[in-house]
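In this text the structure is predicted, and so the values were computed from the model without any measurement.
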Protein chains: 2
Amino acid sequence: MKHLLCVPGGENALGGSCLAERFSHYVRLSPAEQAALDRLEDRARDFRRGAVVIRENERPREMYVVRSGWLHSSTMLGNGSRQIMRFLFHGDVLGMSLLAFSDSPETVTAVTDVSLCPFPRERFAGLITEHPRLGALMLGIAVSERASLADRLASIGRTPARARVGSLICELFARMRRLKMIDGDAITLPLTQEDIGDATGLTSVHVNRMLRGLVEDGIIERNGSRIRMLDEPRLTEQANFIDRSELETGWLPPPR
Amino acid sequence: MKHLLCVPGGENALGGSCLAERFSHYVRLSPAEQAALDRLEDRARDFRRGAVVIRENERPREMYVVRSGWLHSSTMLGNGSRQIMRFLFHGDVLGMSLLAFSDSPETVTAVTDVSLCPFPRERFAGLITEHPRLGALMLGIAVSERASLADRLASIGRTPARARVGSLICELFARMRRLKMIDGDAITLPLTQEDIGDATGLTSVHVNRMLRGLVEDGIIERNGSRIRMLDEPRLTEQANFIDRSELETGWLPPPR
DNA sequence: CGCACCTTTGAATGAGATCAAAGATGGTGG
DNA sequence: CCACCATCTTTGATCTCATTCAAAGGTGCG
């Protein structure tokens, strides 16, 4: 399980900011925007597998963009159980809640070793003042994350266990495919069945049985932490999964 | 069950835009911002109880701010069941998903008669270009809604039925109190127990039993659609409820 | 005043949780 | 390089919370 670690030197990624790379999936950045984004981020910071990057109820100092590795965001309930809200990959923003709350409502944990590009909230405010289109784009990203959460809510609130697990698998495949983190038709999950349970509102025991059922029905194949997709259309349909990774950019204001 | 209907004439609310009123809860608007907001909205539009304002998978033309009345946003699953995501009150924005998707991922339905202030997406883009602080504020609102969804997700995914119902009641009390929609320590819910079930991931039968249990334990009191809160601290604790209606505005860029 | 819709209640059923223990797996240090 | 230990997966048995099914009260609107 190897992941890119820190690239030394003043700049972050190879020649540009992490956020710029993410944004450029949606729009063609103007030179001025590109330059402003290059000034946004601090030097990349690394965390080990299991490290807590942002802790619930604490006051994060910065926001981050994922450069490499997996993370998840979760909350801890009073009764000791955990709900995982979302998994974060390359290009995902963490700590956005800093734009609404001084104390973080969520814990963000590194699932693998990760490298993150940090940037302070105030500098971000400057960025979107100078470049409103980028602010609008970030708003679009926030809205789309809200929709993903809503999908997961419907999945957990209104579908049986098998569909919940299926839906998570579909989502991971869709997102990882888009990031080329997929190997043919298989992905590697650095997750325990307990993690999957915490994301789907199930116990690890029951997750095990559901996975097993999906294998028996020839929908997926597993060995170790590797999952091969055998019948994606069927799983997508059984799980009510809808891919929302496309972003509508037609309404955005012009660049500066 | 009476609600304000349309105010005829060129302007929307009494001397200003609905969105301006919402924003002014968080920041003091500059004259330029105020003026721009006044130009944002079209004439208010009314819908009857039960009307569908935005339909899933269709292409909404505009966004709206709630001027009066209740609505909820929901999705319909393939199996015919419904998940209610969120209830919308005075000042809430609907159709924000238009900023990320061309097709709406959610249905928005009027729970009571409502009056809404519509504004087109493109004009909104112009607004936040001229006034980046308002864009930043909208971003904050989107992020805070995401957090509320996350809270509900944890509630549904990881707490028993009684706590789920309790959490919803706490949320409604907190939000309605802030909007002065509360009468002493009681609120009026224009919801059926089926609606509550669709919001909490339960059946109406079980919602009934849970409400009944809360009454028996002296936590709430009911008659008809009226709910009186008798022991809010206890309910808040049992339901793991956290009020997130406060918004952090310290990071916002200066107004124009 | 009557009908449609909502609430309430009981009994039976079932999906998923809990409890317990036996295999796998893999990372670590000797 | 191997052995050991911790962690994770798998499986079975039992239990429980919530659903389902069914039917009897309420309530308010037209």
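- Atom pair B:Arg48:CZ and D:dG30:P shows a separation of 10 Å (rounding to whole Å applied).
- The base of C:dT8 is not paired with the side chain of B:Arg222 by any donor and acceptor separated by under 3.5 Å.
- Summary of helix geometry: the two end axes of the helix from C:dC1-D:dG30 to C:dG30-D:dC1, each defined by five base pairs via their C1' atoms, are inclined to each other by 50° (rounded to 10°).
- Contact between the side-chain N/O atoms of B:Asn208 and the OP1/OP2 oxygens of C:dT7 is not found at any separation under 4.0 Å.
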Verdict with supporting geometry, A:Glu62 and A:Asp42, side chain to side chain contact (heavy atoms under 4.5 Å, CB included): CA-CA 10 Å; A:Glu62 310 168 289; A:Asp42 292 326; 3.4 Å; yes
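- Taking A:Arg146 as the reference, B:Glu145 meet the side chain to side chain donor-acceptor pair (under 3.5 Å) condition, with sequence neighbours excluded.
- Whole-Å rounding puts the B:Ile196 CD1 to C:dT8 P distance at 10 Å.
- Only B:Gly201, B:Leu202, B:Thr203, B:Val205, B:His206, listed by number, bring a heavy atom of residues 199-207 of chain B to less than 4.0 angstrom from any atom of DNA chain D.
- A salt bridge between A:Arg67 and A:Glu41 is absent, with no side-chain N of the basic residue lying under 4.0 Å from a carboxylate O of the acidic one.
- For the salt bridge (Lys or Arg N to Asp or Glu O under 4.0 Å) condition, the pairs that include at least one residue of residues 208-220 of chain A, sequence neighbours left out, are A:Arg162-A:Asp217.
- Residues satisfying the side chain to side chain contact (heavy atoms under 4.5 Å, CB included) criterion with A:Ser155, sequence neighbours excluded, are A:Thr159, A:Arg164, A:Ser167.
- In terms of the side chain to side chain contact (heavy atoms under 4.5 Å, CB included) criterion, residue partners of B:Glu58 (sequence neighbours excluded) are, by chain and number, B:Arg55.
- The side chain of B:Ala161 approaches D:dA18 more closely than any other nucleotide in the set D:dT10, D:dA18, C:dG16.
- Atoms CG (A:Asp113) and P (C:dG27) sit 12 Å apart, rounded to a whole Å.
- If you take CZ of B:Arg226 and P of D:dG28, they are 14 Å apart, rounded to a whole angstrom.
- A:His72 meets the side chain to side chain donor-acceptor pair (under 3.5 Å) test with no other residue; sequence neighbours excluded.
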At a cut-off of 3.5 Å, list every protein nitrogen or oxygen paired with a nitrogen or oxygen from nucleotides 4-7 of chain D, distance to 0.1 Å.
none

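- Atom pair B:Leu189:CG and C:dT7:P shows a separation of 11 Å (rounding to whole Å applied).
- Checking the phosphate oxygens (OP1, OP2) of D:dA18, no side-chain nitrogen or oxygen of B:Arg162 falls inside 4.0 Å.
- Annotation: side chain to side chain donor-acceptor pair (under 3.5 Å) contacts of B:Arg59 (sequence neighbours excluded): B:Asp103.
- Atom CD1 of B:Ile156 and atom C1' of D:dC17 are 16 Å apart (whole Å).
- Legend: residues meeting side chain to side chain donor-acceptor pair (under 3.5 Å) with A:Asn79, ordered by chain and number and at least two apart, are A:Ser81.
- Spacing between atom CE of A:Met210 and atom C1' of D:dT9 amounts to 15 Å, rounded to whole angstrom units.
- Applying the ring-ring contact (aromatic ring centres under 6.0 Å, His included) rule to A:Phe173 yields no partners; only residues at least two apart in sequence or on another chain are considered.
- Between B:Arg209 and D:dC17 there is no side-chain polar atom (N or O) within less than 4.0 angstrom of OP1 or OP2.
- Partners of B:Arg175 under the side chain to side chain contact (heavy atoms under 4.5 Å, CB included) rule, at least two apart in sequence or in another chain, are B:Arg86, B:Phe87, B:Phe89, B:Asp92, B:Glu171.
- If you measure from atom CD of B:Gln193 to atom P of D:dT20, you get 16 Å, rounded to the nearest angstrom.
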Side chain to side chain contact (heavy atoms under 4.5 Å, CB included) assessment of B:Thr75 paired with B:Met85: CA-CA 8 Å; B:Thr75 55; B:Met85 307 299 171; 3.2 Å; yes
